[in-house]
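Heavy atoms only: backbone and side chains are in, while hydrogens, waters and symmetry mates are out. Below, read A as the first sequence line, B as the second, and so on, with proteins coming before strands; counting in each chain starts at 1.
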Amino acid sequence: MLSVTGLDAWYGSAHILQDVSLEVKRGEIVCLIGRNGAGKTTTLKSVMGLLPRVRGSVHFDGQELLGLPAHARYGRGLAYVPEERRIVPGLTVRENIRLGLVSSPIRSREGQVIERIAETFPRLRERLDQQATTMSGGEQQMLAIARATASDPAMVLLDEPSEGIMPVLVDEMFELFARMRDGGTTLLLVEQNVELALAIADRAYVMDQGRIVHADTARNLLADPRIREEYCAV
Amino acid sequence: MTILGFPPDLLVLQAFTGLALGAVYVLLAVGLSLIFGMLTVVNFAHGAFFMLGAYAGVFLLAAGGNFWVCLVGVPLLVGAVGLFVERFLVRRLYGRHIDDPLLLTFGLTYVFVELVRIGWGKQALPFDAPEILQGTVDIGIGYFPLYRLFVIGVTAAVLLGLWLFIERTRYGLIIRAGARDPTIVRVLGVDVGRVWLLVFGLGTGLAGLAGVLAAPLQGVSPEMGTTVLAEAFVVTVVGGMGSLVGGIVAGLLVGVTVAMSALLLPEMSKVAMFLLMAVVLLLRPQGLFGRAGLMS
């Protein structure tokens, strides 16, 4: 589904990503772990087309994405939930969801989409006409996921979805990711909450200083305390 | 009975005159605000687009059109010039310091004014309202020029349409969201560059409409955009940058202030609106409606 090969990326003159290669197969949850500043967020941004200077190859669904603007990548079925959630102030919950549909061919079925989202995210149902930024952090995170998935993308990039969220909601969210995968959506997940993430992921890559330093199945990594201590201790 | 030495119905009529003047300011300020809110471009050429609107009207009339053709054709023509300016000039300056597009549009003003002088001469030209809109109408307290009433009506209709567009359509949703966070709009599949292009065209088209509406009130001259630009900026600042409601309230307020001061304190009339702005800025630095959402 997604195949990143030899990816280099720069912020200004800082060479952030160096020769990053990773692969996500259709229907997988793949997790990217590593310390703060290891390059996880930059990897997601590069895949989504948000960095000005990137070299290498990003193949998605049989097509090269490099060179395409971010909006065109969304059109190919690649969605992105940024770390800061970026719920738009001044808009209601429903309007934020509609924003995920404005460019989509299924926008004429808005009613159905909102009904599907209300079923998947019961917390959003009674808040549809509320100002979105009045909701709690966890609810806003749910909304960010609902918005990114409104157009039914083939793959979703998620950056630190559990950050700053009540534990009870975190569990709910990871269950949701597993359900999304079972529903056929492919996920690439950046997470600090390594234990929970590996519990639902199929495979994981470990990043350090802008490089992939380790790759294995989630099960093997979970069983390897050395990896956890070395890369995930906060 | 008199108030400050004037009969009350004269004061009310003068206030109405201010509303018509204010309506023109509102159309200008709304466009300025839209362009600033979305593109962070302070469009110093807005007055020039206003002037182009009046001359586009002159051009269409000479080409055999009538006033009604102008009302539709002028915003389209001027908006098209705006599209061209964004696509080939302003666009190159995105991501740079805010002064860069400001200087560019400032310079464009001179280019437009000179081009118009070459095309139509330096003299001011008359511009007649259509016969059906000439004369006065009894509004209960006295006779009021029908054309001014018409300007207020057209502005109200355009604003209603604009409000429906921004609040009820998906393009409006993109504009409201894009003004706050262009990045999220991009990653949700919207070509933000195209939205900016259209917003610039829309804003300049509104300036053109304001120009052709103002032409019968003040005549047409190459410099007509210069003074009105200052007024439009005052309105935008008083109302709050990026606020549609603020633009409407402040536009009418500034219009009435200008008209009333011209009657009551003629020697103060040039300064009155700046005094108003100073007072508002002291009490609410963000403008009357500056805290409300962009274009909401």
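For the atom pair A:I87 CD1 and B:I184 CD1, the distance stands at 7.5 Å (nearest 0.5 Å). Of the inter-residue distances, the one linking A:R94 atom CZ with B:L173 atom CG reads 12.5 Å to the nearest 0.5 angstrom.
Both the backbone and the side chain of B:D191 come within contact range of chain A, with heavy atoms under 4.5 Å apart. Proximity to chain B is limited to the side chain of A:R107, based on heavy atoms less than 4.5 angstrom apart. If you measure heavy-atom distances from A:P82 to chain B, the contacts under 4.5 Å come from the side chain alone.
Residues B:V187 and A:Y80 approach most closely at CG1-CD2, 3.9 Å, considering heavy atoms. Scanning all heavy atoms of the two residues, the minimum distance from B:G189 to A:S103 falls at O-CB, 3.3 Å. Between A:R98 and B:R168, the closest heavy-atom pair is NH2-O, 4.4 Å.
Taking a 6.0 Å sphere around OH of B:Y94, one finds it holds more than 12 heavy atoms contributed by other residues, nucleotides or ligands. Counted within 6.0 Å of OH on A:Y11, heavy atoms from surrounding residues, nucleotides or ligands total more than 12; the atom is thus considered enclosed.
Not a single donor-acceptor pair under 3.5 Å links the side chain of B:R180 to the backbone N or O of A:V88.
Residue B:L188 is tested with A:N96, A:L101, A:L99 for a side chain to side chain contact (heavy atoms under 4.5 Å, CB included); the sole match is A:L99.
Between chain B and the residues A:G49, A:P89, A:A72, the largest count of heavy-atom pairs under 4.5 Å involves A:P89.
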